[in-house]
Protein chains: 2
Amino acid sequence: MFSASARTQYAIRAMTNLARRPNRTATAAELARTESIPAKYLEGIMARLKVTGLVESERGKNGGYRMATDPANISMLQIVEAIEGRIKPVGCLEHEYTCAIVDGCHPRSFWLGLKNTIDTYLSEKSLKEVSEG
Amino acid sequence: MFSASARTQYAIRAMTNLARRPNRTATAAELARTESIPAKYLEGIMARLKVTGLVESERGKNGGYRMATDPANISMLQIVEAIEGRIKPVGCLEHEYTCAIVDGCHPRSFWLGLKNTIDTYLSEKSLKEVSEG
DNA sequence: TAATAATCCTACTATTCCGATAGGAATAGA
DNA sequence: TCTATTCCTATCGGAATAGTAGGATTATTA
């Protein structure tokens, strides 16, 4: 429970690595090597980071990936959600105001509070901080 | 990511239900019915809650489960860990002081902070609060 | 003592998700 | 045209999860 997938951990390692190369590009293979990530697997991860606009890419020879933004302006929540989608501790929270599963679902606000706590932590941590940590 | 297993959700619903019956016992079948949990599945969950000392049980006719303690003295962290074991967002944190995976693992303190945030939230919420929420 | 109602125990199954790999198409530079 | 890269799609094995099945054990009660 509450464990981060390998995919998310890889994404974060790759991003912290990229963040330490201002303006320069790095190939997926290079990131994979220096961060001990399966190269082919990382390709798929970088794709997700790209569609969400966190990184930019250049194809062909001398291509690679580059930060799309100042790491100080990227929150860890953005990275996590780029990989996993919206954080949702329980299905219960999918509906706006009521729990569809059980009448008088007492734990609902407990789960809401948990989600809130996690979201807050993640959104207040910048990629810059983490990559320097 | 960070999603709670059905098992944990069931455990929490069952516990909040039990907590609202001071000193009285309820059978697994009864809890299952009122909380929409598969009855046989719940049996296994109650077993885990018992070995960790959160509930007591009585076998035979008129048997059932009962809170072992005042719900005000049970934290949600205790329930979660009874079901899932120690919360561990990343394998990285298994070793005390260094990350075994990558040299100079920058995200390590980020993950530590996250674990800490979650643990704190869960340990400060009592079953009593949640069952009344 | 027999019937009943409950916990407790063990095994099985089906499905889904995850991590990873494979092979190649498109693209850009030299 | 060769090479190095991103990009795309398909597949696979294994692990975990959710749930089911069947019965052994234990206590109450009539």
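Below, chains carry the letters A, B, ... as their sequence lines are ordered, and counting in each starts from 1. Only this structure's heavy atoms are used, side chains among them; waters, hydrogens and symmetry mates stay out.
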**OP:** Sugar-phosphate atoms are those with a prime plus P, OP1 and OP2; base atoms are the rest. Using that split, label each nucleotide of nucleotides 25-30 of chain C B, S or - for protein heavy atoms under 4.0 Å, 5' to 3'.
**Re:** -BBBSS

Original post:
Out of curiosity, B:Met15 CE to B:Leu127 CG, how far, rounded to the nearest 0.5 Å?
Top reply: 5.5 Å

Subject >> Test: B:Glu30 and B:Arg33 ion pair at under 4.0 Å >> reply: no

Original post:
Can you tell me how far CD1 of B:Ile74 sits from OG1 of B:Thr69, rounded to the nearest 0.5 angstrom?
Top reply: 4.5 Å

**OP:** For B:Glu84, enumerate each residue passing the side-chain hydrogen bond (donor to acceptor under 3.5 Å, both in side chains) test, keeping only those at least two apart in sequence or located in another chain.
**Re:** B:Ser5, B:Thr8

Subject >> Rounded distance (Å) that lies between atom P of C:dC17 and atom CD of A:Glu84 >> reply: 13 Å

**OP:** Nearest 0.5 Å please: distance from the CD atom of A:Gln9 over to the CD1 atom of A:Ile45.
**Re:** 10.5 Å

**OP:** Hey, could you give me the OG1/NZ distance between A:Thr120 and A:Lys115, rounded to the nearest 0.5 Å?
**Re:** 9.5 Å

**OP:** Tell me what A:Ala28 touches on the nucleic acid: a base, only sugar-phosphate, or nothing, going by heavy atoms under 4.0 Å.
**Re:** sugar-phosphate

Original post:
Is a donor on one side and an acceptor on the other found under 3.5 Å between the side chain of B:Glu43 and the backbone of B:Lys40?
Top reply: no

Original post:
Are any of A:Tyr10's side-chain N or O atoms less than 4.0 Å away from OP1 or OP2 of C:dC18?
Top reply: no

Original post:
So what is the end-to-end bend of the helix from C:dT1-D:dA30 to C:dA30-D:dT1, with 5 pairs used at each end and the value given to 10 degrees?
Top reply: 10°

Original post:
Given atom CZ of A:Arg7 and atom P of C:dT21, what is their separation to the nearest angstrom?
Top reply: 14 Å

Subject >> N or O in side chain of B:Ser57 less than 4.0 angstrom from C:dC8 OP1/OP2 >> reply: yes

Subject >> Spatial distance of atom CG (B:Leu54) from atom CE (B:Met67) [nearest 0.5 Å] >> reply: 7.0 Å

Original post:
Between atom CG in A:Leu18 and atom P in D:dT6, what is the gap in whole Å?
Top reply: 11 Å

**OP:** Please list residues of residues 42-50 of chain B whose heavy atoms come under 4.0 Å from any atom in DNA chain D, ordered by number; otherwise none.
**Re:** none

Original post:
Does B:Thr27 reach the side chain of B:Tyr65, with side-chain heavy atoms less than 4.5 Å apart?
Top reply: no

**OP:** Taking the side chain as every heavy atom from C-beta outward, state whether A:Leu77 and A:Tyr121 have any pair of such atoms under 4.5 Å apart.
**Re:** no

Between protein and nucleic acid, restricted to nucleotides 14-16 of chain C and to nitrogen or oxygen atoms under 3.5 Å apart, what atom pairs and distances do you find?
none

**OP:** For the pair A:Tyr10 and A:Tyr41, name the ring-plane relationship: parallel under 30°, tilted 30 to 60°, perpendicular over 60°.
**Re:** perpendicular

Original post:
What distance do A:Leu31 atom CG and A:Ser36 atom OG have between them, rounded to the nearest 0.5 Å?
Top reply: 12.0 Å

**OP:** State, without any angle test, whether A:Arg21 and A:Asn17 hold a side-chain donor-acceptor pair at a distance under 3.5 Å.
**Re:** yes

Side-chain atoms of residues 55-64 of chain B: list all donor-acceptor pairs with protein atoms under 3.5 Å, sequence neighbours left out, distances to 0.1 Å.
| from | atom 1 | to | atom 2 | distance (Å) |
| --- | --- | --- | --- | --- |
| B:Glu56 | OE1 | B:Arg66 | NH1 | 2.8 |
| B:Ser57 | OG | B:Lys50 | NZ | 2.9 |
| B:Glu58 | OE1 | B:Arg66 | NH2 | 2.7 |

**OP:** Assign each of B:Ala26 and A:Ala6 to its nearest nucleotide of DNA chain C by heavy atoms, then name whichever residue's nucleotide is nearer the 5' end.
**Re:** B:Ala26

Original post:
When only distance counts, do a donor and an acceptor, one from the side chain of B:Lys40 and one from the base of D:dG22, lie under 3.5 Å apart?
Top reply: yes

Original post:
The side chain of A:Tyr41 lies closest to which of these nucleotides: D:dA21, C:dG19, D:dC7?
Top reply: C:dG19

**OP:** Quickly work out the B:Tyr65 OH to C:dA5 P distance and round it to whole Å.
**Re:** 17 Å

